[in-house]
Asks: 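Before I ask anything, let me first share the structure, which is written out below as structure tokens.
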Protein chains: 2
Amino acid sequence: MAGKRLEKMEENRAKLIAAARKAFAEKGFAHASMDELTADAGLTRGALYHNFGDKRGLLAAVVDQLDSEMAARAKEIGAERAGRDEGDMWQALLGEGAAYIEMALDPEIQRIVLLDGPAVLGDPSLWPSQNSCLAETRKGVSLMVENGIMKPVDIEAAARLLNGAALNAALWVAASDNPAEVLPKAVEAFALMAGGLRATA
Amino acid sequence: MAGKRLEKMEENRAKLIAAARKAFAEKGFAHASMDELTADAGLTRGALYHNFGDKRGLLAAVVDQLDSEMAARAKEIGAERAGRDEGDMWQALLGEGAAYIEMALDPEIQRIVLLDGPAVLGDPSLWPSQNSCLAETRKGVSLMVENGIMKPVDIEAAARLLNGAALNAALWVAASDNPAEVLPKAVEAFALMAGGLRATA
DNA sequence: TATGTAGCATACGGTGCGTATGTCAAGTTC
DNA sequence: GAACTTGACATACGCACCGTATGCTACATA
């Protein structure tokens, strides 16, 4: 029966993060009220400041969670696509890129991770989570450069550019009048641009 | 002597925008106080709300100004580089990209246009200014696709991806420990990726 | 010169963040 | 197992700041 405190605490943290995801996604970070948010979670601001320090701390926790989910999903999609071609690493990279573009259509990810996140927490490379998405892309790029599949480009630079292009494309798709029609164009253009990094066979 | 009113008004608008550029760049949009900002300009919040409607309106005006300056500068740099190769459009595009990356190292542009701008005003394609930078890139891409210099890719998609990659690379460079060392890597990677859009000769 | 208007200043209300203080249940020690 | 301690969370307070409503004055018009 020991650890009942910690258990409750984790439960409350999860409740607050869940409520924050909803509030931040719907109203944006700036217009989300901490009073409302915590009340929705059945708690008060006291719990919030005790667990996360301040409003930014809560955002950081939310971003961390979303980022992890995104990286996992991208990896999954990439592996799935590579699987069709028996471990084709290049296809995996394109798959991950396409996955990022599609995921960013989700208002939660768009609003919180792509818009408010950088504005409030600074560049993703400075985030506490160290950005799992970026790490995933970096790993792929690194392997491909080693294997000669990709030109000998700077790992970090390539990862950043690929991620930046994908996420920015997603913002464009989301802001367009007809996302469903525009999405494939974005994915195609991404594949072409990424191709610039591929070693010339 | 007629029009003394309008003259003063334009002068005050300019003063407010100038003060806002400074305040937003130094403290960020959220933490910039309108009272301080207007006092620095020798005015009060009354002038602000009369001229710009609200805080967002002021940011929109500032972003518009910065965006125009950026587009003009990028065009200039691009033309300069193209000139060396007698109107090489491809070199002009790479020059513009490099120019964006370098310009984004300026805290004013980084903080206001790249971070707070999208978070507060939404995606650049929704901005009142309609984003001059994007328009400039789009124009270049359009011409090159027509002339067969670039693959027949979707104009808008290519422009967005190029801009997104460049600006995101800039954020990475700026956040790094040693920007001077990292910048050329970013520029090189950008050139490679952009090359993926080039028609295969 | 008299009058209207518009640009800007002043005054007010409301909201929301962060902190300081209080409280009570869960864990600890003898 | 009873007194004590700890810490997770609630409550209460102060302060800053945005947006609006109202007031004032210089400029424009007739």
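Residue numbering restarts at 1 for every chain, and letters A, B, ... go by the order of the sequence lines.
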Asks: Can you check whether B:M34's main-chain N or O pairs, donor with acceptor, with B:T38's side chain at less than 3.5 Å?
Replies: yes
Asks: Over how many whole Å does the gap from B:E10 atom CD to C:dG7 atom C1' extend?
Replies: 13 Å
Asks: Apply side-chain hydrogen bond (donor to acceptor under 3.5 Å, both in side chains) to A:T137 and list each qualifying residue two or more places apart in sequence or on a separate chain.
Replies: A:N163
Asks: Mark yes when over 12 heavy atoms from residues, nucleotides or ligands other than A:K22 sit less than 6.0 Å from its NZ; otherwise mark no.
Replies: no
Asks: Which donor-acceptor pairs under 3.5 Å do side chains of residues 57-72 of chain A form with protein atoms, sequence neighbours excluded?
Replies:
{"residue": "A:Q65", "atom": "OE1", "partner": "A:R21", "partner atom": "NH1", "Å": "2.7"}
{"residue": "A:D67", "atom": "OD1", "partner": "A:C133", "partner atom": "N", "Å": "3.4"}
{"residue": "A:D67", "atom": "OD2", "partner": "A:S132", "partner atom": "N", "Å": "2.5"}
{"residue": "A:D67", "atom": "OD2", "partner": "A:S132", "partner atom": "OG", "Å": "3.3"}
{"residue": "A:S68", "atom": "OG", "partner": "A:D64", "partner atom": "O", "Å": "3.0"}
{"residue": "A:E69", "atom": "OE1", "partner": "A:R21", "partner atom": "NH2", "Å": "3.3"}
{"residue": "A:E69", "atom": "OE2", "partner": "A:R21", "partner atom": "NH1", "Å": "2.9"}

Asks: At a heavy-atom distance below 4.0 Å, what parts of residues 20-41 of chain A sit against DNA chain C?
Replies: A:A32, A:S33, A:M34
Asks: Whole angstroms only, please: what is the CG-P distance between B:L48 and D:dC18?
Replies: 9 Å
Asks: Residues two or more places apart in sequence or in another chain: which of them pass side chain to side chain contact (heavy atoms under 4.5 Å, CB included) with B:A175?
Replies: A:D123, A:S125, A:L126
Asks: For the pair B:R160 (side chain) and B:L134 (backbone), establish whether a donor and an acceptor sit closer than 3.5 Å, ignoring hydrogens and angles.
Replies: no
Asks: Any residue in residues 50-57 of chain B with a heavy atom nearer than 4.0 angstrom to DNA chain C? Just list them by number, or reply none.
Replies: B:H50, B:N51
Asks: I'd like to know if the side chain of A:E96 reaches the main chain of A:K75, judged simply by a donor and an acceptor atom lying under 3.5 Å from each other, with no hydrogens or angles considered.
Replies: no
Asks: Which nucleotide sits closest to the side chain of A:L43: D:dA10, C:dC8, C:dT19?
Replies: D:dA10
Asks: Between A:K8 and B:L6, which is nearer to the 5' end of DNA chain D once each is assigned its nearest nucleotide?
Replies: A:K8
Asks: State whether A:N12 places a side-chain N or O below 4.0 Å from either non-bridging phosphate oxygen (OP1 or OP2) of D:dA8.
Replies: no
Asks: Please report the distance, rounded to the nearest Å, between CZ in A:R45 and P in D:dA10.
Replies: 11 Å
Asks: Whole Å only: how far is the CD atom of A:E7 from the C1' atom of D:dA8?
Replies: 15 Å
Asks: When you measure from the side chain of A:Y49, which nucleotide among D:dA10, C:dA9, C:dG18 comes out closest?
Replies: C:dG18
Asks: Under the 3.5 angstrom rule, does the side chain of B:D106 hit a backbone N or O of B:E108 as a donor-acceptor pair?
Replies: yes
Asks: Tell me, please, which residues at least two apart from A:E11 pass side-chain hydrogen bond (donor to acceptor under 3.5 Å, both in side chains).
Replies: none
Asks: Please report the distance, rounded to the nearest Å, between NZ in A:K15 and P in D:dA8.
Replies: 16 Å
